[in-house]
Novice: 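Have a look at this one before I ask anything.
Model, not experiment: these values are computed from the prediction. Each chain gets a letter, A, B and so on, in the order its sequence line appears, and its residues count up from 1.
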Amino acid sequence: MSKRRSATLTEAQCVSLAQKLLRERLCHQKLPDQPAGLDSQHKHLLELLRRTAVHGESNSVLIVGPRGSGKTMLLGCVLRELMSLKEVQKNVLLVELNGLLQTDDKIALKEITRQLHLENVVGDKVFGSFAENLAFLLEALKRGDKSSSRPVLLVLDEFDLFAHHKNQTLLYNLLDVSQSAQTPVAVVGLTCRLDVLELLEKRVKSRFSHRQIHLFSSLTFSQYVDVVRAQLRLPQDFPDLKFSNEWNHSVTKLCEDKSVEEVLKRNFNSSKDFRSLHSLLFLAVSRVSVSHSTLREADLLEASRLISADSKANVLHGLSILELCLIIAMKHLNDTYDGEPFNFQMVHNEFKKFIQRKSHSIHKFEKPVLMKAFEHLLQLELVRPVDAGVCKVQREYQLMRLMLEHGQVMEALQRYPQCPTDVKQWALSAFG
Amino acid sequence: MSRYVTRLKMRRSYKWNGRPVGEDRKLRRQYYESMSISVEGRTEDGTVSLGQYILIESDNDDSPFVAQLLKLYTDDSGKKKTAVVQWFVRMCEVPQNKRKLLGRDPHPQEIFFYQDHSCDNEVDGETILAAVQIEYVPAEDPFPEGKSKDTLFVKLLWDTKSFRALDPELMQPPQSPKSPPPSSRVSQARALPTPDPSIMKRAMSGTLARGSMSTGKMSTSEAESLHSASKLSAAKALSAKRRSRASSGPHVRKKLDLCSPNKNMSRDDVLGEILDEHTATEKTLTSKLNTSPTGRISISIRLTPLNHNEEEQISSLSSQNPDKPRLTAYDKDNATSAFLGVQPLGTDDPESLISTGRTPRKREATPRRASLRGLKARTPSNRKDSATLREPALAALAEEEHEDSPVQTAATPRSKRKSAQLVSSRIRKQLNLLDNKVDLLSDGEDGGDDDDCFVPTKIDLQSSSDEEEEAKIDSEDELVVKKRRGSRTPRSIEKTRVSARTPRKTPSKKTAPATPRTPRHATPSIPSRSAPARKPGNVLEEARARLHVSSVPESLPCREQEFQDIYNFVESKVIDGTGGCMYISGVPGTGKTATVHEVIRSLQQSAEQDEIPHFRFIEINGMKMTDPHQAYVQILQKLTDQKATPDHAAALLEKRFSAPAPKKETTVLLVDELDLLWTRKQNVMYNLFDWPTRRNARLVVLTIANTMDLPERIMINRVASRLGLTRMSFQPYTFKQLQQIITSRLNRVKAFEEDALQLVSRKVAALSGDARRCLDICRRATEICEHSGSSSGLVGMSHVMEALDEMFSSSYIAAIRCASVQEQLLLRAVIAEFRRLGLEEATFQQVFVQHQALCRVEGLHPVSVSEGLAVCQRLGSCRLLLLEGSRLDLLLRIRLNVSQDDVLYALKAD
């Protein structure tokens with residue numbers, strides 16, 4: 001008896017340990033050893049940055065790819081490899097900026113100066129006006145030359161946001177330095193916008209080298225499933241060998257399961273991006289407990305259901321019957337008038353017609369009550385005014401639009417617990 | 001003079017004799033020793049070989065040009081024969097107003113050794129007419145009688161300013177035809193660092209000749225020489241013109257820039273004059289002994305001991321009679337310069353001069369003034385102006401030299417030999433007296449530096465030791481010198497060495513100071529790297545380095561006209577001391593800023609040579625400031641090193657440009673990216689263009705912007721009117737120009753196939769004509785080539801195509817192909833909805849309905865609205881779709897950012 005208890009205890013420990021390990025893997029974006037499927041891009045970028053670091057050649061490059069395609073990961077891998085070169089280690093200054101953090105040139109300049117540890121930095125603060133800082137930085141960069149000063153690698157994350165700064169002063173100056181015989185710099189921009197070059201002013205554009213590294217995933221579904229398997233596997237050095245074997249076996253079986261494959265396929269069809277996959281797997285892994293110590297298909301299905309659930313359907317779930325009736329009335333109005341906006345009065349009329357026909361199932365509500373219900377819908381933003389209350393129209397006559405799809409309404413009605421049949425029928429009928 | 005056969009009358013054909021004797025791989029030249037010329041209708045062939053004197057075709061059949069053949073070579077094509085020659089001039093080629101400098105009637109067969117470093121000494125081999133006999137006649141001998149009519153006599157040397165005695169050594173044929181003989185003194189000076197003894201020797205003889213022969217150079221200004229050059233007859237004039245402003249290509253000037261600073265010359269000349277003076281009076285010296293101590297880097301060492309002779313002579317001379325020299329007509333200048341050099345010695349004992357440490361400084365003013373007076377008094381009236389004009393300029397030059405003292409460095413005698421040092425130090429002292437040198441550093445160090453001044457400096461050139469050997473043999477007075485030694489004489493060596501070192505110290509401030517500084521006094525600098533940057537290893541890397549936009553090209557091809565126009569504009573303003581504005585426009589990457597910089601560089605060069613007055617150059621860039629009003633601050637800071645607020649700076653500048661100041665130098669202001677200086681009231685632009693119109697401003701404003709009609713578009717009338725109509729627009733480069741640019745950049749580094757270059761340049765010319773783009777593509781192509789490891793090692797068409805594809809092809813199609821299934825479906829839904837509506841815009845709700853339908857058709861599980869919206873947002877974030885804010889939810893409007901055809905094409909190919 002006592003023996004068994006200890007065994008279950010260790011099993012519980014194993015489960016929590018495995019969960020911890022997998023969660024870490026899925027949440028902390030750890031750099032892989034080698035960026036998968038990006039060999040040529042990796043080589044190109046590494047070679048380019050190496051030349052800046054070793055030969056002092058100035059360069060500029062943009063890494064373009066949709067969100068979650070591994071831009072930062074690629075750059076991280078390249079930088080890690082670059083910094084491991086002895087020749088480079090102490091010779092390179094790295095400056096990292098993010099368009100979401102450095103929202104204007106003033107902040108960006110201070111940040112660059114701070115990260116470069118220039119001489120006008122006191123402690124961790126940069127003093128001086130914007131103009132002074134700019135002049136100082138430019139002068140510093142100008143003093144340097146190709147062979148003697150340390151190359152500066154400038155990483156601009158969300159590069160497109162820098163293009164929205166006033167006059168694009170920062171970009172102009174950085175790219176100008178990269179095209180003149182000053183301190184060697186490599187300007188690396190990361191962006192997901194394909195049209196980023198069109199954002200640049202023509203003189204800024206001319207100074208950019210037009211080197212773009214595109215990251216598009218050409219992932220197939222089988223590769224995708226392989227990734228899933230690899231992500232869920234427990235490593236060899238897991239303390240409890242028996243548990244890890246069992247777990248790995250279940251994962252392999254899971255991936256062959258038809259329904260799981262369908263879930264994965266659906267996810268893959270929606271987006272090839274690994275981040276959405278990670279959130280799916282994260283939910284599934286979290287459902288593992290002592291009672292079922294391996295990952296089952298039900299966990300994955302449930303996770304998928306949670307992830308792909310429509311947000312508005314959930315809101316509809318918590319509405320009262322009256323509010324639901326109003327929504328159905330609006331849906332009919334939409335059908336009748338082909339999506340033209342309506343006002344409260346029209347909804348009220350529609351609702352009254354329904355009550356008159358089938359008055360027995362629903363209580364006859366007063367107009368103020370209806371108004372209250374309507375305003376609740378307005379607050380939930382299921383209904384939205386056409387123009388945000390510019391003119392002073394009486395509330396009843398303000399034009400509104402329904403923010404729900406036809407299908408969403410029907411689905412909500414199907415799932416609504418104890419929905420009166422009259423109401424359901426009304427919703428299904430072609431005309432109110 | 002007999003008539004010579006020229007091309008007009010008879011056809012001549014040229015042939016190399018024998019095999020090439022040498023080859024220059026880098027320049028792809030093959031050198032020959034001789035060439036035979038066969039003339040139609042004559043049986044015997046003429047032969048010209050190296051060292052021979054030849055006649056070269058000219059406009060005037062009666063008097064073809066005369067030259068000595070130094071080199072013969074053919075370029076790699078083998079067609080073009082080129083000869084490098086040393087020119088001689090006839091009297092008729094000397095400008096009219098200079099002829100009387102000779103002081104006698106020229107002999108009808110007399111020619112002069114032509115010494116002009118700027119003169120192009122390369123001629124087409126096919127213009128050689130025949131060989132000719134030339135005889136050297138020592139300066140004081142009469143012309144020999146009864147020689148053949150075809151023999152020419154050379155007696156003197158013409159250096160475009162004066163006639164001087166000719167060193168017979170110069171008339172010797174070159175010793176080794178294999179090593180390309182340096183063509184001019186300038187190139188010799190450049191060749192110095194190479195340890196090749198033959199080159200060293202030639203370089204030696206070059207300076208030697210020059211040093212000993214210069215007389216009265218000071219009397220003529222550079223400006224005059226330009227006139228004289230243009231009066232030379234056709235072919236020479238053409239080459240001389242390259243130097244004159246009228247057609248000076250940037251290339252020529254750049255080359256000059258690279259070689260030893262031209263300032264040196266004037267200093268050399270001054271020095272040479274004193275010494276030559278004595279050599280001229282004491283004719284006992286051989287030409288070899290006659291060397292000058294002028295500080296041409298390493299040569300000075302071996303020259304120094306000999307100067308001891310002169311030194312002795314100087315002192316003996318001075319103790320007797322300072323103004324002894326004969327006063328032949330052509331030596332009038334000589335006399336003044338002798339006066340200039342000798343006078344201080346005449347009044348003071350040289351020994352005392354040396355022992356009192358501060359004397360040179362105190363005294364320097366007196367002799368100079370005296371010499372000026374002397375000049376004014378003695379020079380013939382026609383030369384007075386030029387002489388006086390030259391003098392202050394020289395003084396200014398000397399002062400400037402002292403400031404940044406590159407000459408000092410060059411002039412430092414570095415011999416290990418004490419005697420040599422001793423003597424050279426003396427000469428240096430006189431030099432100090434002469435050209436107004438104030439050496440503050442030396443003053444304090446007079447005392448106890450006897451010991452370390454004999455320690456050889458690190459900078460000692462390798463050649464110094466063999467030269468010493470030579471010097472030992474030559475100098476007979478060594479013992480005497482040694483006896484004399486022992487006082488504080490070597491002081492000046494130390495002095496010069498110290499001063500030589502000082503400029504080097506200043507830039508090396510970079511090493512970060514240990515003490516933390518306040519931001520006010522922080523020096524902007526990037527920390528220096530621990531390991532040096534690696535040099536390019538192979539041809540492709542070399543090509544890549546050359547093709548980088550940042551590498552400064554040797555010349556700026558294809559912008560000659562623009563260069564000329566801007567040059568003329570600025571030059572005329574600088575010379576006249578007036579002001580003006582110029583507006584330069586052109587699309588990015590057409591070389592606007594580069595051309596202006598090139599103009600300024602060559603103008604500064606001519607300012608250094610005193611061809612034009614000195615001027616200040618200031619550059620501001622609209623993009624490099626945070627606010628238009630910062631322009632004032634930056635201008636003020638660059639002009640006066642003052643910091644001020646914009647308003648205060650504007651007031652100060654206003655005052656500066658309107659206050660009359662007769663000695664103010666012209667300021668050239670370059671305003672790049674002018675359009676960014678626009679403010680609502682436009683007062684910044686107004687001021688910038690108003691200042692040049694002030695009478696005393698002496699401000700030239702060059703403005704650069706991208707758009708041609710900027711003045712009309714954004715400037716209000718009073719601003720546009722002040723900008724004036726001096727406009728220039730840079731056209732985008734044509735494909736030929738782009739090709740030329742790349743070729744000139746590559747400069748014989750063979751890395752590209754011809755076709756590949758053409759493809760790049762045509763493509764870029766068709767798209768933008770942006771030279772930067774062109775260079776970037778070429779650079780990328782070299783990388784691709786390197787990685788592909790092509791067999792030929794050359795960048796071929798395929799590599800260029802790949803690079804072009806990378807840079808120009810739109811990535812939308814690739815993006816669509818790599819999108820997920822739902823994303824692709826949504827794009828199709830968008831197109832379907834557009835077709836249905838007949839509009840290019842739809843709301844998400846409408847598209848979503850289509851999307852649901854399409855999902856059903858494709859047999860996919862329909863997505864929920866939230867998922868659909870997420871898909872839509874993803875497409876929006878990479879800008880395949882243009883979306884409104886996501887707050888609008890179902891009502892957000894969707895547009896395509898790609899053409900429908902592209903989407904369909906991308907989806908169909910799947």
Side-chain angles (χ1 to χ4, degrees), chain A residues 54-58 64 66-67 87 90-91 118-120 122 127-128 130-131 134 136 138-141 143-144 146-150 152 167 169 172-173 179-181 183 192-195 202-203 206-207 209-211 214 216-218 266 268-272 308 310-312 401 403 405 408, chain B residues 517 519 522-534 536 545 548-552 588-589 623-627 630 633 673 676 706 770 772-773 776 780 783 806-807 811-812 814-815 818 820-822 845 848 852 860-861 863-867 871 874 877-880 889-891 897:
Chain A
V54 176
H55 293 279
E57 177 187 304
S58 291
V64 187
R67 297 219 178 271
E87 210 173 358
K90 297 250 170 93
N91 273 338
L118 292 185
E119 280 186 30
N120 58 350
V122 177
F127 295 100
F130 181 26
L134 180 67
F136 191 87
L138 290 178
E139 186 59 27
L141 290 169
R143 289 274 177 95
K146 191 177 165 181
S147 49
S148 66
S149 36
R150 287 168 85 173
V152 182
N167 289 341
T169 307
Y172 177 91
N173 286 311
Q179 299 247 313
S180 49
T183 305
C192 60
R193 286 187 66 163
L194 294 171
D195 63 343
K202 58 186 184 233
R203 53 191 150 208
S206 167
R207 282 167 174 80
S209 71
H210 278 60
R211 243 175 237 272
H214 287 285
F216 295 126
S217 73
S218 49
R266 199 183 139 123
F268 173 74
N269 278 349
S270 158
S271 116
K272 290 174 171 179
S308 60
D310 189 36
S311 49
K312 274 183 189 150
R401 270 184 207 278
M403 302 306 287
E405 241 308 282
Q408 282 173 305
Chain B
R517 295 184 182 195
T523 43
S525 67
I526 295 288
S528 50
R529 52 191 297 155
S530 52
R534 214 190 276 168
H548 199 283
V549 184
S550 72
S551 76
V552 181
M623 274 298 225
K624 294 188 177 169
M625 53 187 75
T626 52
D627 172 84
Q630 287 291 326
V633 180
E673 314 290 3
L676 283 157
N706 289 140
D770 185 337
R772 292 196 187 106
R773 192 75 326 99
D776 282 333
R780 178 71 189 125
E783 283 169 27
E806 251 177 47
M807 291 197 175
S811 47
Y812 288 111
C818 292
S820 71
V821 176
Q822 295 288 356
Q845 196 167 15
F848 186 70
Q852 297 282 61
L860 292 169
H861 194 283
V863 293
S864 66
V865 179
S866 303
E867 279 179 299
V871 169
R874 270 203 295 275
S877 76
C878 56
R879 288 301 188 279
L880 283 167
D889 207 355
L890 285 182
L891 299 177
N897 198 23

Novice: Select one option (side chain, backbone, both, neither) describing which atoms of N173(A) are under 4.5 Å from chain B's heavy atoms.
Specialist: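 Only the side chain of N173(A) comes within 4.5 Å of chain B.
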Novice: Closest heavy-atom contact between L138(A) and K624(B)?
Specialist: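 Smallest interatomic distance, heavy atoms only, reads CD1-CB, 3.7 Å.
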Novice: Between R780(B) and S209(A), is there a donor-acceptor pair closer than 3.5 Å when you use the side chain of the first and the backbone of the second?
Specialist: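 A pair under 3.5 Å: no.
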Novice: Out of curiosity, L676(B) CG to N167(A) CG, how far, rounded to the nearest 0.5 Å?
Specialist: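 These two atoms lie 4.5 Å from each other.
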Novice: If you count heavy-atom pairs under 4.5 Å between each of S551(B), G589(B), S877(B) and chain A, which one has the most?
Specialist: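 Top option by heavy-atom pairs under 4.5 Å: S877(B).
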Novice: With chain A, which of M625(B), H861(B), E806(B), Q630(B) has the greatest number of heavy-atom pairs at distances under 4.5 Å?
Specialist: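 That would be H861(B).
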Novice: Heavy atoms, side chains only, cut-off 4.5 Å: are R401(A) and L890(B) in contact?
Specialist: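 With C-beta onward as the side chain, the pair stays apart.
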Novice: Taking all non-hydrogen atoms of both residues into account, name the closest pair between V871(B) and S270(A) and its distance.
Specialist: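 Shortest heavy-atom contact: CG2-O, 4.1 Å.
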Novice: When only pairs under 4.5 Å are counted, which of A545(B), C878(B), A814(B), S864(B) shares the most heavy-atom pairs with chain A?
Specialist: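 The candidate making the most pairs under 4.5 Å is C878(B).
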Novice: How close do T169(A) and M623(B) get, heavy atom to heavy atom, and via which atoms?
Specialist: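 Taking T169(A) first and M623(B) second, the nearest heavy atoms are CG2-O, 3.1 Å.
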Novice: Going by heavy atoms in the side chains, are R67(A) and R874(B) under 4.5 Å from each other?
Specialist: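 Side-chain contact under 4.5 Å: no.
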Novice: Is the backbone N or O of S58(A) less than 3.5 Å from a side-chain atom of H548(B), with the two atoms forming a donor-acceptor pair by type?
Specialist: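 Confirmed, H548(B) side chain pairs with S58(A) backbone.
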Novice: Heavy-atom distances under 4.5 Å only: say whether Y172(A) touches chain B with side chain, backbone, both or neither.
Specialist: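 For Y172(A), the side chain is the part near chain B, not the backbone.
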Novice: Quick check: do R266(A) and E867(B) have side-chain heavy atoms less than 4.5 Å from each other?
Specialist: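 Answer yes - side chains close enough.
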Novice: Which pair of non-hydrogen atoms, one from A181(A) and one from S550(B), has the smallest distance, and what is that distance?
Specialist: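 So the two residues come closest at N-CB, 3.5 Å.
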Novice: Under 4.5 Å heavy-atom distance to chain A, tell me which part of Q852(B) shows up: side chain, backbone, both or neither.
Specialist: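 Answer is neither: Q852(B) stays 4.5 Å or more from chain A.
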Novice: Checking heavy atoms, do the side chain of N897(B), its backbone, both or neither come under 4.5 Å from chain A?
Specialist: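 N897(B) touches chain A through side-chain heavy atoms alone.
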Novice: Keeping the roles fixed (side chain from K272(A), backbone from C818(B)), state whether a donor-acceptor pair exists under 3.5 Å.
Specialist: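 Pair found, side chain donor or acceptor close to backbone of C818(B).
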Novice: Side chain, backbone, both or neither: which part of L194(A) has a non-hydrogen atom closer than 4.5 Å to chain B?
Specialist: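 Contact with chain B: backbone and side chain both.
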Novice: Could you tell me whether the side chains of S820(B) and N269(A) share a donor-acceptor contact shorter than 3.5 Å?
Specialist: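 The criterion, which ignores hydrogens and geometry beyond distance, is not satisfied for N269(A) and S820(B).
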Novice: For residues H210(A) and D776(B), determine if any side-chain heavy atom of one lies less than 4.5 Å from a side-chain heavy atom of the other.
Specialist: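 A side-chain contact under 4.5 Å is absent here.
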Novice: Looking at M807(B), R879(B), Q822(B), which has the largest count of heavy-atom pairs under 4.5 Å with chain A?
Specialist: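 Heavy-atom pairs under 4.5 Å are most numerous for R879(B).
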Novice: Chain B heavy atoms under 4.5 Å from S311(A): which part of the residue, side chain, backbone, both or neither?
Specialist: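 Both backbone and side chain of S311(A) come within 4.5 Å of chain B.
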Novice: What distance separates R772(B) CZ from Q179(A) CD, expressed to the nearest 0.5 Å?
Specialist: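 Here the interatomic distance stands at 6.0 Å.
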Novice: Heavy-atom distance under 4.5 Å to chain B: side chain of Q408(A), backbone, both or neither?
Specialist: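 Only the side chain of Q408(A) comes within 4.5 Å of chain B.
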Novice: Does the side chain of K202(A) come within less than 4.5 Å of D770(B)'s, by heavy atoms?
Specialist: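 SC-SC contact between D770(B) and K202(A) ruled out.
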Novice: Of all the heavy-atom pairs spanning R773(B) and S206(A), show the shortest one and how long it is.
Specialist: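 It is NH2-O, 3.4 Å.
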Novice: H55(A) versus chain B, heavy atoms under 4.5 Å apart: side chain, backbone, both or neither?
Specialist: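 Interface part for H55(A): both.
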